[in-house]
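Protein chains get the first letters and strands the later ones, always in sequence-line order, with residue 1 at the start of each.
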Amino acid sequence: MKIIEAPADWPADAARARAVQDGLRARVILDEPGPPPGTGLVTGVDVAYDDERDLVAAAAVVLDAGTLAVVAEATAVGRIAFPYVPGLLAFRELPAVLAALESLPSDPGLVVCDGYGRAHPRRFGLASHLGVLTGLPVIGVAKNPFVFSHDALGPERGDTAALRAPAGDRRPDGEAVDEEVGRALRTQRGVKPVYVSVGHRVGLDNACAHVLGLTPDYRLPETTRRADRLCRQALAAATVTVSAAPRPGSGSPPTGAAPAAHRPSPPPE
DNA sequence: GCGACAG
DNA sequence: ATCTTGTCGC
């Protein structure tokens, strides 16, 4: 197994990471509607961590958007490239996610990731960053509203409420005050909503329609559920250990790893 | 200065 | 994200 390392130019601290976001933000494309819901391919990406071993495992699972059947899967394991800092999640997750996406045998189609796109303090969340780096259409689906707020929404599946930035927010891209940066979307009756925002080359209406199509039975999209299971699996299967401080006496064998799962397994349910 | 804060 | 038993409900 190959261990993914962060690119040589990966930012080393929070200040540089924010500068990278500010530099890439203008490359986000917001005026494309994106692929129509219910057709084509949809790929879920997710990441799992093992701080003890300094490991991160990413998974990408491609589904048929119409049937939600698994079409392809890929995983990647790497060293943790950045600490968790709210607003800088992309720098922690992207190296492994990019590696997983690159080893997919098929085209990803629309990519769905955990977290935010435009609903971000600097309007450049994980989904935006992934979109700019790959050129793929990407949306973000988060489980929490982060720094954003919204009015109450109806109890039915499909009910929504606009996600708005707190008053006095920075608005780095010059958006209007009260701009809708994302949407709280109820995917199951009476259940806490998910928070959808646009990443790259997809409109918000389309993004929400896709998410509804991906949530016939559960609160979270099938893409996210499948990717979540797969990356945890890959992390558990990784046999890499933290490279100990090189001691003169005993030559430490280069850390090896077991092959990560790379093919569909029998549907447990 | 203090608290809040996607995963 | 991750650490974790029991418990309520279909």
Side-chain angles (χ1 to χ4, degrees), chain A residues 4 6 14-15 17-18 20-21 25 28 44-61 75-98 100 111-131 138-150 163-170 172 181-185 187-200 204 207 211 217-221 223-236 238 242 269:
Chain A
I4 305 305
R18 291 189 187 100
V20 170
Q21 294 181 327
R25 186 173 51 242
V28 172
V45 293
D46 194 19
V47 164
Y49 303 97
D50 183 334
D51 291 316
E52 295 302 292
R53 293 189 294 167
D54 188 40
L55 285 185
V56 52
V61 180
T75 63
V77 174
R79 242 78 233 203
I80 296 180
F82 205 85
Y84 171 65
V85 179
L88 301 178
L89 186 60
F91 297 94
R92 186 165 166 81
E93 307 209 329
L94 280 187
V97 167
L98 288 170
V111 178
V112 180
C113 53
D114 282 27
Y116 288 113
R118 227 170 104 62
H120 175 274
R122 284 170 297 283
R123 304 296 179 273
F124 195 73
L126 174 61
S128 318
H129 205 146
L130 181 58
V138 184
I139 66 174
V141 180
K143 303 186 248 343
N144 298 290
F146 200 9
V147 298
F148 303 92
S149 59
H150 61 83
L163 256 195
R164 293 214 166 70
D169 195 56
R170 305 268 68 192
V181 297
R183 209 167 276 169
L185 171 65
T187 56
Q188 296 297 321
R189 165 185 260 189
V191 171
K192 174 180 177 171
V194 296
Y195 305 88
V196 180
S197 65
V198 158
H200 186 62
L204 186 53
V211 172
D217 300 319
Y218 297 92
R219 175 189 177 222
L220 298 179
T223 39
T224 300
R225 291 164 45 76
R226 294 312 248 270
D228 180 79
R229 279 192 322 179
L230 185 56
C231 68
R232 288 185 203 234
Q233 229 172 263
L235 188 61
V242 185
E269 304 206 16

*Asks:* Separation of A/E52 atom CD from C/dC3 atom C1', in whole Å?
*Replies:*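 From A/E52 CD to C/dC3 C1': 11 Å.
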*Asks:* Whole angstrom is fine here: how far is it from CG in A/D50 over to P in C/dC3?
*Replies:*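 Interatomic distance, CG of A/D50 to P of C/dC3: 8 Å.
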*Asks:* Would you check if A/Y49 stacks with the base of B/dG7, given a 5.5 Å centroid limit and a 30° plane limit, both strict?
*Replies:*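 Not stacked: fails the 5.5 Å / 30° test.
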*Asks:* For A/G87, answer base if it contacts any base atom (sugar-phosphate contacts may also be present), sugar-phosphate if it contacts only those atoms, and nothing otherwise; contact means non-hydrogen atoms under 4.0 Å.
*Replies:*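 Base contact - A/G87 has a heavy atom under 4.0 Å of at least one base atom.
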*Asks:* For B/dA6 and A/K143 - does any side-chain N or O of the residue sit under 4.0 Å from the phosphate oxygens OP1/OP2?
*Replies:*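 A/K143 to B/dA6 OP1/OP2: no side-chain N or O under 4.0 Å.
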*Asks:* Looking at A/Y218, I'd like to know if the NZ or CZ of A/R225 sits under 6.0 Å from its six-membered ring centre while staying within 45 degrees of the ring's axis.
*Replies:*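 Judged by the rule (NZ or CZ under 6.0 Å from the ring centre, within 45° of its axis), A/R225 counts as positioned above A/Y218.
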*Asks:* Would you please say whether a donor-acceptor pair under 3.5 Å links the side chains of A/R122 and A/Q21?
*Replies:*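 Result is yes, a qualifying pair exists.
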*Asks:* The side chain of A/R232 lies closest to which of these nucleotides: B/dC5, C/dT2, B/dG7?
*Replies:*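 It is C/dT2.
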*Asks:* Can A/Y84 and A/E93 be counted as having a side-chain donor-acceptor contact under 3.5 angstrom?
*Replies:*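 No, because no side-chain N or O of A/Y84 sits under 3.5 Å from a partner of the opposite role on A/E93.
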*Asks:* Should A/K143 and A/D46 count as an ion pair when the cut-off is N to O under 4.0 Å?
*Replies:*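 Salt bridge between A/K143 and A/D46, a charged N being under 4.0 Å from a carboxylate O: no.
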*Asks:* What is the separation between atom CG on A/L220 and atom P on B/dG7, rounded to the nearest whole Å?
*Replies:*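 Distance check: A/L220 CG to B/dG7 P gives 9 Å.
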*Asks:* Between A/N144 and B/dC5, is there a contact of a side-chain N or O with OP1 or OP2 at under 4.0 Å?
*Replies:*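 Checking A/N144 against B/dC5: no side-chain N or O falls below 4.0 Å of OP1 or OP2.
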*Asks:* What integer distance in Å separates A/L88:CG from C/dA1:P?
*Replies:*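 Those two atoms, CG and P, are 18 Å apart.
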*Asks:* Using the side-chain heavy atoms of A/V147, tell me which of these nucleotides is nearest: B/dG7, B/dA6, B/dC5.
*Replies:*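 Selected nucleotide: B/dC5.
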*Asks:* Which whole-number value in Å describes the distance from A/Q188 CD to C/dG9 P?
*Replies:*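 Result: 20 Å.
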*Asks:* By the 4.0 Å heavy-atom rule, please label A/L235 as base, sugar-phosphate, or nothing.
*Replies:*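 Here A/L235 touches no strand at all.
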*Asks:* Between A/R53 and A/D50, does at least one N-O distance fall below 4.0 Å, as a salt bridge requires?
*Replies:*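 So A/R53 pairs with A/D50 through a salt bridge.
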*Asks:* Nearest whole angstrom, please: distance from the C1' of B/dA6 to the CZ of A/F124.
*Replies:*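 After rounding, the reported distance stands at 15 Å.
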*Asks:* Starting from C1' on B/dA6, measure out to CZ on A/F146 and report it in whole angstrom.
*Replies:*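 Going from A/F146 (CZ) to B/dA6 (C1'), I get 5 Å.
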*Asks:* Looking at every strand, decide which applies to A/A48 at a 4.0 Å heavy-atom threshold: base, sugar-phosphate, or nothing.
*Replies:*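 Touches sugar-phosphate only.
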*Asks:* Measure OH/A/Y195 against P/B/dG7 and give the value in whole Å, please.
*Replies:*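 Taking OH of A/Y195 and P of B/dG7, I get 10 Å after rounding.
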